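Here is the structure we will look at.
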Amino acid sequence: MDDAVWAGVDDQRSRVVALLESLTPGEWESPSLCTGWRVRDVAAHLTLQQVTLGQALVLFLRTPGGVNHVIQRSAVRKASRVTSDDLIAEIRSTIGSRRTNVGIPPVGALSDIVLHGQDIAVPLGHRIQVDAEIAMAVLDFLWALLAAGKAGVYAPSPREGVRFVAVDADWAAGEGAAAHAPALSIAMILTGRSIGLG
């Protein structure tokens, strides 16, 4: 299973790199789907997916506050001090790597690159293809995370009293009124991205 997950991670990283290489300077400074984050900031965040425990501790010491604050400020700080080409090169260098941040399983890395790829692509009117099998793996991971109450990094999502049914994959979860949507849109809804409601 891990081999398939890592193949998906590498595929999505390659797609994100290809998209970033095509962006204009103005697009790099455009808002992403992450509130308060530019496209540049999301790209910088994607370069911080393999930090060691020691590096993570330094980030927390440099940026007091909750986890989301540390994540956001670390990305913005890095985005302000490196070039777009540097960010692209760093993301490209992670293709083929199987390292993750401390405590993050491989499917967590998959979820991160899939969702943040969409955070960059969607508001710019671009598209990053996500295969159905990859979307289902992300959905299974997110649903389990939410059920365990361990999804604090995500904005609240409207999932109570709803049975989500993917129209393009063999996936369904929840109880209540059925809401049919593409698997990727459901993933975005579950992580508080209102664009998924469309």
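None of these values were measured; they are calculated from a predicted model.
- Side-chain atoms of Val17 and Ser14, non-hydrogen and from C-beta on, never get closer than 4.5 Å to each other.
- Nearest heavy-atom pair, Ser30 versus Gly26, reported as atom, atom and distance to 0.1 Å: OG-O, 3.0 Å.
- Asp112 contributes no side-chain N or O that, together with a main-chain N or O of Leu46, makes up a donor-acceptor pair within less than 3.5 Å.
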Exercise for review: Under the side-chain contact (heavy atoms from CB on, under 4.5 Å) rule, what do Leu23 and Leu20 come out as? Steps first, then yes or no, please.
Suggested key: CA-CA 5 Å; Leu23 299 185; Leu20 292 174; 3.8 Å; yes
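- In this structure a side-chain-to-backbone donor-acceptor pair under 3.5 Å is missing from Glu21 to Asp85.
- Interatomic distance, CD of Gln129 versus CG of Leu184, reported as 9.0 Å (0.5 Å rounding).
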Exercise for review: Go through the steps for Cys34 and His116 under the test side-chain contact (heavy atoms from CB on, under 4.5 Å), then give the verdict.
Suggested key: CA-CA 8 Å; Cys34 296; His116 286 311; 3.9 Å; yes
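- Summarising the geometry, atom CD belonging to Glu27 is positioned 12.5 Å from atom CZ belonging to Arg40; distances are rounded to the nearest 0.5 Å.
- Taking CD from Glu29 and CG from Asp41, the interatomic distance works out to 8.0 Å, rounded to the nearest 0.5 Å.
- Side-chain contact between Ile134 and Val114 is present, with at least one heavy-atom pair separated by less than 4.5 Å.
- Looking at Gln118, its side chain does come within 3.5 Å of a backbone N or O of Ile128 through a donor-acceptor pair.
- Scanning both residues, Thr47 and Ala44, for their nearest heavy atoms gives OG1-O, 2.6 Å.
- Listed for the Thr83 side chain is a donor-acceptor partner under 3.5 Å among the backbone atoms of Asp86.
- Of all non-hydrogen atoms in Ala183 and Ala135, the two that sit nearest each other are CB-CB, 3.7 Å.
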**Study point:** CA sep, side-chain torsions, deciding dist, call: Ile113, Gln49, side-chain contact (heavy atoms from CB on, under 4.5 Å)
**Key:** CA-CA 9 Å; Ile113 189 65; Gln49 300 308 296; over 6 Å; no
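- Here the CG atom belonging to Leu124 is positioned 10.5 Å from the CH2 atom belonging to Trp28, to the nearest 0.5 angstrom.
- In this structure, CD1 in Ile95 is found 11.0 Å from CD in Gln12, a value given to the nearest 0.5 Å.
- The backbone N or O of Gly174 lies less than 3.5 Å from a partner atom in the side chain of Arg163, making a donor-acceptor pair.
- Residues Thr100 and Ala109 come closest through the heavy atom pair CG2-CB, 4.0 Å.
- For the pair Ile189 and Phe164, the minimum side-chain heavy-atom distance is below 4.5 Å.
- Counting only residues at least two apart or in different chains, side chain to side chain donor-acceptor pair (under 3.5 Å) contacts with residues 133-143 comprise Asp140-Trp171.
- Put simply, the side chain of Asp168 never gets that close to the backbone of Ala132: no donor and acceptor are under 3.5 Å apart.
- Under a hydrophobic-cluster definition in which Ile, Leu, Val, Met, Phe, Trp and Tyr are linked whenever side-chain heavy atoms come within less than 4.5 Å, directly or via other members, Leu48 and Val76 are assigned to different clusters.
- Follow the hydrophobic side-chain contacts under 4.5 Å out from Val130 and you never reach Val165; the two are in separate clusters.
- Residue pairs meeting the salt bridge (charged side-chain N to carboxylate O under 4.0 Å, His left out) criterion with at least one partner in residues 114-131, sequence neighbours excluded, are Asp119-Arg193.
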Practice item. Determine, stepwise, if the pair Leu87 / Ser84 fulfils side-chain contact (heavy atoms from CB on, under 4.5 Å). Key: CA-CA 5 Å; Leu87 293 173; Ser84 302; 5.5 Å; no
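- Side-chain N or O atoms of Ser111 include none that pairs as donor or acceptor with a backbone N or O of Gly108 at under 3.5 Å.
- Taking every heavy atom of both residues into account, His180 and Ala178 meet most closely at CE1-CB, 3.6 Å.
- When all heavy atoms are compared, the tightest approach of Ala137 to Val107 is O-CG2, 3.7 Å.
- Residue Leu115 holds its CG atom at 9.0 Å from CG of Leu110, rounded to the nearest 0.5 Å.
- For residues 5-14, the set of pairs meeting the salt bridge (charged side-chain N to carboxylate O under 4.0 Å, His left out) definition, not counting sequence neighbours, comprises Asp11-Arg15.
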